[in-house]
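Every chain is numbered from 1 and lettered A, B, ... according to where its sequence line falls, protein lines coming before strand lines. What you see is a predicted model, and the numbers here were worked out from it, not measured in a lab.
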Number of protein chains: 2
Amino acid sequence: MGEKGETNRQRIVQAADDLFYQKGYEATSFSDIAEAVGIARGNFYYYFKTKNDILVAVLQKRRDDIRAMLDEWDKEYPEPRARLKRYILILVKSQSEIENFGCPVGSLCTELNKLRHALHGEATEMFEIFRLWLEKQFAGIGHKKDAHKLALRLMARCQGVSLITSAYSDVDFLHREVEELQQWIEGL
Amino acid sequence: MGEKGETNRQRIVQAADDLFYQKGYEATSFSDIAEAVGIARGNFYYYFKTKNDILVAVLQKRRDDIRAMLDEWDKEYPEPRARLKRYILILVKSQSEIENFGCPVGSLCTELNKLRHALHGEATEMFEIFRLWLEKQFAGIGHKKDAHKLALRLMARCQGVSLITSAYSDVDFLHREVEELQQWIEGL
DNA sequence: GTCTATATAATGATAGAC
DNA sequence: GTCTATCATTATATAGAC
C-alpha cells in the first residue's frame with residue numbers, strides 16, 4: 001500500500017461518510033460514492049469488497065474523528081464547565097449541516113437500528129465516546145453521582161434540538177435551545 | 001369501490017405504515033408490503049400506482065390518527081396540565097416500540113428530509129399537529145407568550161429521549177427522563 | 001492500480017389472462 | 001379484483017484486460 005493508494009482509500013471513506021450523512025446509508029449506492037470520488041465502480045472493489053466494509057471504515061473514521069476532537073477540546077479548555085459548553089456549541093458551529101441533515105451520529109444510529117444492522121453497536125459507540133467524556137466533565141463540576149444521568153440527558157437534548165431543527169429547518173429554534181442549555185450548565 | 005376493496009386498501013396502508021416505521025421507507029420494498037398483507041405484487045398496483053402514492057396514504061392516515069388521539073385526550077383530560085402530562089406519557093406507553101425503532105414521527109421526518117423527498121413537508125405536518133395542540137395547553141396554564149417556544153422544546157425533548165432510548169435500548173433512561181419531564185410540567 | 005465489461009439479484013412498474 | 005408473467009432499471013458484486 002503506497003501513498004497514492006492510501007490517499008484514494010481515504011477519499012472513498014470521506015465521500016462515503018458525507019453521503020451516508022446527507023442521503024442515508026441505504027439510499028447511498030456504490031455508484032454514488034464512486035461518482036463522488038471520480039473513480040470507476042470496478043476500481044472501487046479494489047479497496048472495499050462489500051458495502052459493509054465501507055461502513056466499517058466510515059464508523060472507524062468517525063470514532064477516530066470524535067476522539068481527536070475531544071482531545072483538542074481538552075487541550076483548549078481546561079475547565080470542565082467550559083468543555084460542557086463547548087459540546088453544546090457544536091450545534092451552533094454545525095447549524096447549516098444540522099438544518100439540512102440532522103445529527104450525523106443520531107441519524108445513522110436510528111437508521112442502522114431500524115435495518116437491524118450488525119454494525120449498529122459500532123454506531124452507538126460514537127455516543128459512548130461522547131458519554132464517557134461528558135461524564136468526566138459533569139463529575140468535574142461536582143456531579144459525580146449524577147454524571148451518567150446528566151451525560152445521557154445532555155446528549156438526548158442535543159439530539160432533540162438537531163431533529164426538530166432539521167424537521168422545521170428552523171435555526172432560530174436551535175439558537176434559543178442552545179442558549180437555554182448553556183444556562184442550564186451554568187446553573188449546575 | 002366495494003367494502004372488500006376498502007378493507008384491502010386499508011390493510012395495505014396499515015402494513016406500509018408499520019414497515020416504514022420498523023424498517024424505514026427506503027428499506028421497505030413493494031414485495032415486503034405485499035408479503036405482509038398476503039397479496040401478490042401485481043394485485044398491489046390495483047390500489048397504488050407508485051411507492052409515492054403509498055407514502056401519501058400512510059402520511060394521511062398518520063395525521064388522521066394523531067388528530068383522533070388528541071381529540072380523545074381532549075375528552076378524557078379537561079385540564080391543560082393533565083393533557084401535557086398525557087403527551088409525555090406516550091413515551092412510556094410506547095416504550096417497547098421506541099426501544100426498537102425510535103419515534104415514528106421523528107425518524108420518518110429525518111429520513112424523508114435526507115432523501116430530499118417531496119413529501120417531507122407532509123411528514124413535518126405531523127409535528128405541526130402536535131405543536132399547535134401543545135401550544136394551546138401551554139397557553140392554558142398561563143404561558144401564552146412562551147407557548148410556541150415551550151411546545152417545540154417539549155417535542156424536542158421527547159424526540160431526544162426516543163432517539164437515545166433506541167440507540168442504547170435503555171428503557172430505564174426513558175423512565176428517568178419521563179419523570180423529569182413530568183416534574184418540569186408540574187413546576188411550570 | 002485502474003479500467004471495461006459482465007453476472008446476478010432485486011427493485012419499481014406494466015400487461016393481460018382469468 | 002386477483003393472479004402470473006414480464007419489462008426496464010438499478011443494485012451489489014466479479015472477471016479479466018491493460
Would you kindly give the [atom1]-to-[atom2] distance between [X] and [N], to the nearest whole Å?
{"X": "A:Phe48", "N": "C:dG1", "atom1": "CZ", "atom2": "P", "value": "13 Å"}
{"X": "A:Phe44", "N": "D:dT14", "atom1": "CZ", "atom2": "P", "value": "13 Å"}
{"X": "A:Glu26", "N": "C:dT11", "atom1": "CD", "atom2": "P", "value": "10 Å"}
{"X": "A:Arg9", "N": "C:dG1", "atom1": "CZ", "atom2": "P", "value": "11 Å"}

Checklist entry - How about B:Glu35: does its CD atom have over 12 heavy atoms from other parts shown lying under 6.0 Å from it? => result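 At most 12 heavy atoms, drawn from other residues, nucleotides or ligands, come within 6.0 Å of this atom.
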Checklist entry - With B:Asp64, which residues qualify under side-chain hydrogen bond (donor to acceptor under 3.5 Å, both in side chains), at least two apart? => result B:Gln60, B:Arg67
Checklist entry - Any side-chain donor paired with an acceptor under 3.5 Å for B:Gln183 and B:Glu179? => result yes
Checklist entry - Is the A:Tyr87 ring parallel, tilted or perpendicular to the A:Trp133 ring (thresholds 30°, 60°)? => result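 Plane angle between 30° and 60°, so tilted.
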Checklist entry - Are the charged groups of B:Glu76 and B:Arg86 less than 4.0 angstrom apart, N to O? => result no
Next on the checklist: Using a strict threshold of under 4.0 Å (side-chain N to carboxylate O), is an ion pair present between B:Arg157 and B:Glu180?
Outcome noted: yes
Next on the checklist: I want to verify a distance call: between C:dT11, D:dC3, D:dA11, whose nearest atom is closest to the A:Ser31 side chain?
Outcome noted: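 So the side chain of A:Ser31 is nearest to D:dA11.
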Item to check | Worked check of side-chain contact (heavy atoms from CB on, under 4.5 Å) between A:Leu84 and A:Phe138 | outcome: CA-CA 8 Å; A:Leu84 289 170; A:Phe138 278 115; 3.9 Å; yes
What are the atom names and distances for every N/O pair under 3.5 Å that joins the protein to nucleotides 13-18 of chain C?
| from | atom 1 | to | atom 2 | distance (Å) |
| --- | --- | --- | --- | --- |
| C:dA13 | OP2 | B:Lys51 | N | 3.0 |
| C:dA13 | N7 | B:Tyr45 | OH | 2.8 |

Next on the checklist: With a 4.0 Å cutoff (strictly under), does any side-chain N or O of B:Tyr47 reach OP1 or OP2 of D:dT2?
Outcome noted: yes
Next on the checklist: Under 4.0 Å from OP1 or OP2 of D:dG1: is there any side-chain N or O of B:Tyr46 that close?
Outcome noted: yes
Item to check | Interface with DNA chain C, restricted to residues 15-23 of chain B and to heavy atoms under 4.0 Å | outcome: none
Next on the checklist: Would the distance check show the side chain of B:Glu99 and the main-chain N or O of B:Asp170 forming a donor-acceptor pair, the cut-off being under 3.5 Å?
Outcome noted: no
